Peer 1: 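Please see the structure below; I have some questions.
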Amino acid sequence: SDRRMNKGVILAAGRGRRLGVLTRDRPKCMMLLGDKPLILWQTDALRGAGISEISVVRGYKGDQIDVGGVFFFENPRWSETNMVISLTCAEAWLTQSDCIVSYADIVYCSAVIRQLMASSGAITITYDRKWLDLWHARFDDPLTDAETFKVNEQGRLVEIGARAKRLDDIEGQYMGLLKFTPTGWQMVSDILQRLEGEERDRLDMTTLLRLCLDNNVAIHTVPVDGGWGEVDNENDLALYERMLAEGGAFLGTE
């Protein structure tokens with residue numbers, strides 16, 4: 001079957017407020033890292049893993065998203081909705097085939113995507129076991145930003161997204177990379193349909209994952225060891241530029 005033919009969906013509708021003036025005239029995914037817009041880091045990694053069909057959900061300054069060979073979905077309500085609503089804008093793909101879903105403010109290598117594609121779960125996320133190295137480089141105190149993350153012996157998610165009081169509560173860092181099969185997406189749709197419109201609008205991805213757990217929907221996980229980064233602010237960009245300059249190996253091996 002063509003279930004194995006994964007499509008890629010990049011969620012790029014939001015404003016990226018924490019970047020301040022840097023996103024005043026362009027969306028966050030067009031910020032440059034090593035002379036390449038973030039979104040090209042994503043499309044290159046997806047294509048490198050064999051995913052040829054890629055769509056971008058756009059919203060804020062969507063006409064500025066300059067990337068070739070992709071399909072666009074629109075989130076016209078980007079300013080009053082959160083990431084899950086952006087994801088629903090790609091429903092036509094999610095109901096039809098396996099989809100790798102990526103945030104637009106992360107960089108990663110093809111190897112991570114290949115591992116995610118190989119998962120048999122209806123809903124799967126990647127997480128970084130070596131997250132603390134990167135968080136120490138990004139934050140004076142990693143606990144100010146990091147959230148809880150726990151998996152069981154079978155590699156199923158059991159906890160995500162709460163405030164972490166100590167490092168022991170964090171077995172890894174959720175990266176903003178997911179995979180939904182059409183079956184998995186149907187389970188998500190069922191949960192979303194039971195919510196009030198306003199609650200749906202506000203929903204971020206970790207809250208959705210928590211709702212899945214509350215509804216006994218299994219979330220499979222794929223552990224990776226480094227090889228990615230997320231861009232929240234200017235300091236992150238500067239950090240990754242330095243890492244690139246020091247040998248370009250911060251994304252690990254392809």
Side-chain angles (χ1 to χ4, degrees), residues 6-19 22-23 26-33 36-47 49 51 54-62 65 67 70 72-75 78 81-90 93-94 99-110 112-113 115-117 123-128 131 134-135 138 145-147 149 157 160-161 172-180 185 188 202-210 212 219 221-222 224 226-233 236-237 239-240 250-251:
N6 289 266
K7 295 179 188 287
V9 178
I10 300 171
L11 304 176
R15 163 83 207 255
R17 281 194 192 287
R18 277 178 286 187
L19 280 157
L22 291 180
T23 56
R26 57 182 162 171
K28 190 174 179 182
C29 66
M30 292 303 292
M31 305 292 319
L32 294 181
L33 171 60
K36 186 159 103 170
L38 290 178
I39 196 156
L40 287 187
W41 285 87
Q42 294 141 23
T43 54
D44 287 353
L46 290 166
R47 288 187 176 123
I51 296 176
I54 299 171
S55 66
V56 176
V57 181
R58 59 185 176 180
Y60 174 71
K61 297 208 179 291
I65 298 180
V67 52
V70 302
F72 289 107
F73 291 108
E74 312 293 336
N75 178 2
W78 65 267
T81 57
N82 212 325
M83 205 176 266
V84 172
I85 293 295
S86 289
L87 181 59
T88 64
C89 295
W93 280 24
L94 291 154
C99 286
I100 302 292
V101 174
S102 168
Y103 290 10
D105 58 359
I106 53 176
V107 288
Y108 44 84
C109 55
S110 297
V112 173
I113 300 299
Q115 282 175 269
L116 187 53
M117 288 162 68
I123 303 173
T124 310
I125 62 176
T126 61
Y127 70 100
D128 180 14
W131 69 279
L134 181 60
W135 257 243
R138 295 177 63 206
D145 178 83
E147 297 176 329
F149 191 97
L157 186 67
I160 187 172
Q173 177 67 36
Y174 163 66
M175 298 159 58
L177 281 173
L178 313 91
K179 176 176 139 177
F180 296 94
W185 180 248
V188 168
R202 280 200 311 267
L203 214 53
D204 59 55
M205 206 69 82
T206 39
T207 309
L208 174 65
L209 294 172
R210 281 217 298 275
C212 286
I219 301 195
T221 64
V222 172
V224 301
W228 72 292
E230 75 171 358
V231 178
D232 261 353
N233 52 47
D236 289 332
L237 278 174
L239 171 67
Y240 303 147
F250 92 98
L251 285 188

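Computed from a predicted model, the values in this text were never measured in an experiment. In what follows, every heavy atom counts, from backbone to side chain, and hydrogens, waters and symmetry copies are set aside. For this chain, numbers begin at 1 and follow the sequence in order.
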Peer 1: Considering the options I100, L38, L46, V101, which one meets the side-chain contact (heavy atoms from CB on, under 4.5 Å) requirement together with I10?
Peer 2: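 Only match with I10 under side-chain contact (heavy atoms from CB on, under 4.5 Å): L46.
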Peer 1: Taking all atoms of both residues into account, what is the closest heavy-atom pair of I123 and C212, and its distance?
Peer 2: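 Distance-wise, the nearest heavy atoms are CD1-SG, 4.3 Å.
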Peer 1: Do F149 and W131 have ring centres separated by under 6.0 Å?
Peer 2: no
Peer 1: Search all heavy atoms of L32 against all heavy atoms of P37 and return the closest pair with its distance.
Peer 2: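 In terms of heavy atoms, the two residues are closest at CD2-N, 3.5 Å.
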Peer 1: With no hydrogens and no angle check, is any side-chain donor or acceptor of R210 less than 3.5 Å from a backbone partner on I160?
Peer 2: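 Side chain of R210 to backbone of I160: a pair is present.
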Peer 1: So do the side chains of D44 and K36 get within less than 4.5 Å of each other, counting heavy atoms only?
Peer 2: yes
Peer 1: Measure the NZ-CZ distance between K61 and R26 for me, rounded to the nearest 0.5 Å.
Peer 2: 12.0 Å
Peer 1: Any side-chain heavy atom of L116 within less than 4.5 Å of one from L177?
Peer 2: yes
Peer 1: Decide yes or no on side chain to side chain contact (heavy atoms under 4.5 Å, CB included) for D145 and W135, but give the supporting numbers first.
Peer 2: CA-CA 8 Å; D145 178 83; W135 257 243; 2.9 Å; yes
Peer 1: Just to verify, what does F180 make a ring-ring contact (aromatic ring centres under 6.0 Å, His included) with, not counting sequence neighbours?
Peer 2: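 Partners of F180 by the ring-ring contact (aromatic ring centres under 6.0 Å, His included) criterion, ordered by chain and then number, come out as W185.
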Peer 1: Just to verify, what does T206 make a side-chain hydrogen bond (donor to acceptor under 3.5 Å, both in side chains) with, not counting sequence neighbours?
Peer 2: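 Testing T206 for side-chain hydrogen bond (donor to acceptor under 3.5 Å, both in side chains), a comparison that skips the adjacent residues, returns D204.
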Peer 1: Mind listing the closest non-hydrogen atom pair of G227 and V112 along with its distance?
Peer 2: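 Result for this residue pair: O-CG2, 4.4 Å.
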Peer 1: Between atom CG of L237 and atom CE of M31, what is the distance when rounded to the nearest 0.5 Å?
Peer 2: 5.0 Å
Peer 1: Might you point out which heavy atoms bring C99 and L94 nearest each other, and give the distance in Å?
Peer 2: CB-CD2, 3.8 Å
Peer 1: One pair to check against side chain to side chain contact (heavy atoms under 4.5 Å, CB included): M205 and I125. What are the steps and the verdict?
Peer 2: CA-CA 11 Å; M205 206 69 82; I125 62 176; over 6 Å; no
Peer 1: Please name all residues satisfying side-chain hydrogen bond (donor to acceptor under 3.5 Å, both in side chains) with Y103, sequence neighbours left out, ordered by chain then number.
Peer 2: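 Only Y174 meet the side-chain hydrogen bond (donor to acceptor under 3.5 Å, both in side chains) criterion with Y103.
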Peer 1: Specify the closest pair of heavy atoms between W93 and G8, including all atoms of both residues, with the distance to one decimal.
Peer 2: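 Looking at all heavy atoms of both residues, the shortest contact is CZ3-O, 3.5 Å.
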Peer 1: Residues in side-chain hydrogen bond (donor to acceptor under 3.5 Å, both in side chains) with E74, at least two apart?
Peer 2: R58
Peer 1: Does T124 reach the main-chain N or O of K179 with its side chain, forming a donor-acceptor pair under 3.5 Å?
Peer 2: no
Peer 1: Got a sec, which residues hit side-chain hydrogen bond (donor to acceptor under 3.5 Å, both in side chains) with R47, two or more places apart in sequence or on another chain?
Peer 2: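 R47: no side-chain hydrogen bond (donor to acceptor under 3.5 Å, both in side chains) contacts found.
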Peer 1: Within a strict 4.5 Å, meaning less than it, do heavy atoms of the Y108 and W41 side chains meet?
Peer 2: no
Peer 1: For the residue pair L178 and L209, establish whether any side-chain heavy-atom pair is separated by less than 4.5 Å.
Peer 2: yes
Peer 1: Mind checking salt bridge (charged side-chain N to carboxylate O under 4.0 Å, His left out) for D128 and listing every partner two or more places apart, or none if nothing turns up?
Peer 2: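 So D128 forms no salt bridge (charged side-chain N to carboxylate O under 4.0 Å, His left out) with any residue.
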Peer 1: If the condition is salt bridge (charged side-chain N to carboxylate O under 4.0 Å, His left out), which residues does R138 pass it with, not counting sequence neighbours?
Peer 2: E230, D232, D236
Peer 1: Show, in sequence, the C-alpha distance, side-chain angles and deciding distance for V70 and T43, and conclude whether the side chain to side chain contact (heavy atoms under 4.5 Å, CB included) test is met.
Peer 2: CA-CA 9 Å; V70 302; T43 54; 4.3 Å; yes
Peer 1: Might you point out which heavy atoms bring V9 and A90 nearest each other, and give the distance in Å?
Peer 2: CG1-CB, 3.9 Å
Peer 1: So do W228 and C109 actually touch side chain to side chain, heavy atoms under 4.5 Å?
Peer 2: no
Peer 1: In the structure I gave you, are the side-chain heavy atoms of C29 and I65 within less than 4.5 Å of one another anywhere?
Peer 2: yes
Peer 1: Is there a donor-acceptor pair closer than 3.5 Å between any side-chain N or O of Q42 and the backbone N or O of I106?
Peer 2: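 At least one qualifying donor-acceptor pair exists.
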Peer 1: What distance do M175 atom CE and S102 atom OG have between them, rounded to the nearest 0.5 Å?
Peer 2: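 Here the rounded value is 9.5 Å.
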Peer 1: Do the non-hydrogen side-chain atoms of N82 and L203 ever get within less than 4.5 Å of each other?
Peer 2: no
Peer 1: Would you say the side chain of N75 lies within less than 4.5 Å of the side chain of I85, judging by non-hydrogen atoms?
Peer 2: yes
Peer 1: The test is side chain to side chain contact (heavy atoms under 4.5 Å, CB included); show your working for L87 and L11 and say whether it passes.
Peer 2: CA-CA 7 Å; L87 181 59; L11 304 176; 4.2 Å; yes
